[in-house]
2 protein chains.
Amino acid sequence: MAATIGYLGPKGTFTKLAVDTAFNGEVKQSFATIPECIDAVNEDEIDIGVVPLENAIEGTVQLTIDYLVHQVRLPIVAEIVVPIQQHLLVDPEFTGSYGELSEIHSHSHAIAQCHQYLHQHIANASIHYTSSTGKAAELVAEKKGSIAAIGNKLAAELYGLRILDENIHDFPNNHTRFAVLSKKENQIKINHPKYSEKTTVLITLPSDYAGALHQVLSAFAWRKMNLSKIESRPMKTGLGNYFFIVDVNQEYDEVLFSGVIGELEALGCNVSILGTYPVYQMNDM
Amino acid sequence: MAATIGYLGPKGTFTKLAVDTAFNGEVKQSFATIPECIDAVNEDEIDIGVVPLENAIEGTVQLTIDYLVHQVRLPIVAEIVVPIQQHLLVDPEFTGSYGELSEIHSHSHAIAQCHQYLHQHIANASIHYTSSTGKAAELVAEKKGSIAAIGNKLAAELYGLRILDENIHDFPNNHTRFAVLSKKENQIKINHPKYSEKTTVLITLPSDYAGALHQVLSAFAWRKMNLSKIESRPMKTGLGNYFFIVDVNQEYDEVLFSGVIGELEALGCNVSILGTYPVYQMNDM
């Protein structure tokens with residue numbers, strides 16, 4: 001039986017684009033919020049959940065990490081990295097140039113990502129906000145005329161829109177990272193060569209003292225374990241209490257990681273492994 | 001002449017609530033996106049800009065930091081910390097209980113923050129997404145009937161809605177941090193006692209090698225300078241290149257900070273001070 005994959009919807013969003021690129025043949029089910037998608041995996045309604053981890057348009061990263069840390073501790077079994085490419089989408093019957101557009105519709109984050117482009121080329125159009133980039137494409141397909149949506153290639157295909165101008169986002173190297181969550185690691189089949197291995201570690205400090213983080217990082221540094229990301233996030237128990245999320249650029253192993261965990265626990269820290277998993281890097285899409 | 005303060009709008013959002021709590025008597029002007037607000041300060045159209053830095057509902061944090069780092073280097077002159085309190089808002093003529101509500105409207109991040117509450121108490125209502133919490137309140141005020149918005153106290157006042165249930169967010173200690181940006185530091189008058197002092201430092205590493213971050217933190221640690229936040233963010237020049245944003249819990253001074261900067265530059269890092277500023281902690285609002 002094919003696995004069921006849940007993702008942060010609606011249709012035509014960047015999460016759906018990531019899911020379609022990475023998976024093939026599975027049943028795909030859209031969820032309206034990150035917690036709903038994570039809950040469905042936890043309650044065995046679906047096999048796999050795909051939620052944004054970093055630099056997302058439609059979802060907050062912090063919400064994913066906070067929900068995994070505080071509410072539902074599901075293992076991260078893979079990471080999918082996709083480029084964020086924003087295009088200017090119009091009704092196919094619109095034959096004007098982009099200077100003639102009167103309205104631009106999109107999610108506020110997508111509008112912000114194309115800020116300089118809009119300022120330089122379409123400064124006279126009015127800006128309208130939608131709850132997702134997919135919704136904006138749907139609206140343009142319904143309303144037609146001299147209006148445009150900002151969204152991805154999938155939204156253009158889904159709603160039969162024409163790409164009037166490609167790659168209109170201001171920064172060329174924008175990526176979004178998605179976490180693949182599942183209790184059933186062996187069901188994950190991703191149609192792409194593996195790019196690297198990563199282990200995500202959650203560390204909570206006993207108290208907020210000068211140099212605490214430095215001491216924590218020493219445990220990794222002297223073992224020459226490279227960290228690709230580190231982020232401190234407030235605990236929900238009050239200001240001044242922090243936890244740290246550390247991404248280590250290697251697979252979990254009993255020797256190095258056991259050593260790190262032992263040293264950190266001796267310092268009074270709590271340490272959990274949120275996942276050790278392959279990273280899949282998608283290219284132009 | 002009163003200073004003009006720009007903020008991330010629209011009306012009834014958490015940024016507006018922060019601005020109204022912190023400032024009094026100034027002219028306030030709403031901006032649709034974070035980059036537009038920052039640009040307006042930079043081009044001297046307004047004196048002060050207020051944009052979300054962390055844990056925002058309506059804006060991405062990453063966008064604020066990225067825009068300040070890559071596009072417009074404006075000094076942070078103050079930080080405002082406000083609690084995020086979500087309420088269930090209805091038309092005053094709705095006399096039912098929350099179990100009788102048929103529709104819930106809000107920004108997807110606000111819906112997600114109240115996920116467990118909605119799941120337990122209003123599981124049968126349909127969920128509808130709006131581009132901001134303010135927009136949801138406006139919609140409920142117009143449409144009336146057995147529908148509700150999720151939003152803050154300001155949105156309730158602004159659109160004449162009744163608070164049917166208070167503090168329905170799942171986590172009690174949710175805060176949003178806002179950066180106050182200005183070229184004119186002496187114009188900032190905030191109606192609140194100062195909570196602490198902070199300095200935000202931007203550090204870019206010459207290359208991505210094991211232990212680089214540990215070495216950077218050593219410069220702070222041996223001086224017993226406490227860091228309240230650290231975050232690594234990818235440079236937009238390609239994967240694998242990172243910069244770090246470090247919040248130091250003290251005011252800039254020539255002795256300690258000059259020492260840190262000298263050591264880091266000797267290691268090949270680039271160091272910039274994004275701001276040294278007072279922090280204002282707002283309470284119940």
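A note on names: the letters A, B, ... follow the listed sequences, proteins ahead of strands, and every chain is numbered from 1. What you see is a predicted model, and the numbers here were worked out from it, not measured in a lab.
Heavy-atom distances place the side chain of B:Gln116, and not its backbone, under 4.5 Å from chain A. With a 4.5 angstrom heavy-atom cutoff, A:Gln71 touches chain B only via side-chain atoms. Only the side chain of A:Asp39 comes within less than 4.5 Å of a heavy atom of chain B; its backbone N, CA, C and O stay farther away.
Here the two rings, on B:His115 and A:Tyr67, have centers that are under 6.0 Å apart.
Side-chain contact between A:Thr200 and A:Leu202 is absent, with no heavy-atom pair separated by less than 4.5 Å.
Counting only N and O atoms by type, the side chains of B:His128 and B:Thr130 include no donor and acceptor under 3.5 Å apart. Looking at B:Gln215 and B:Ser218, their side chains never bring a donor and an acceptor atom within 3.5 Å of each other.
Options A:Ile245, A:Thr33, A:Ile230 differ in how many heavy-atom pairs under 4.5 Å they form with chain B, and the most are formed by A:Ile230.
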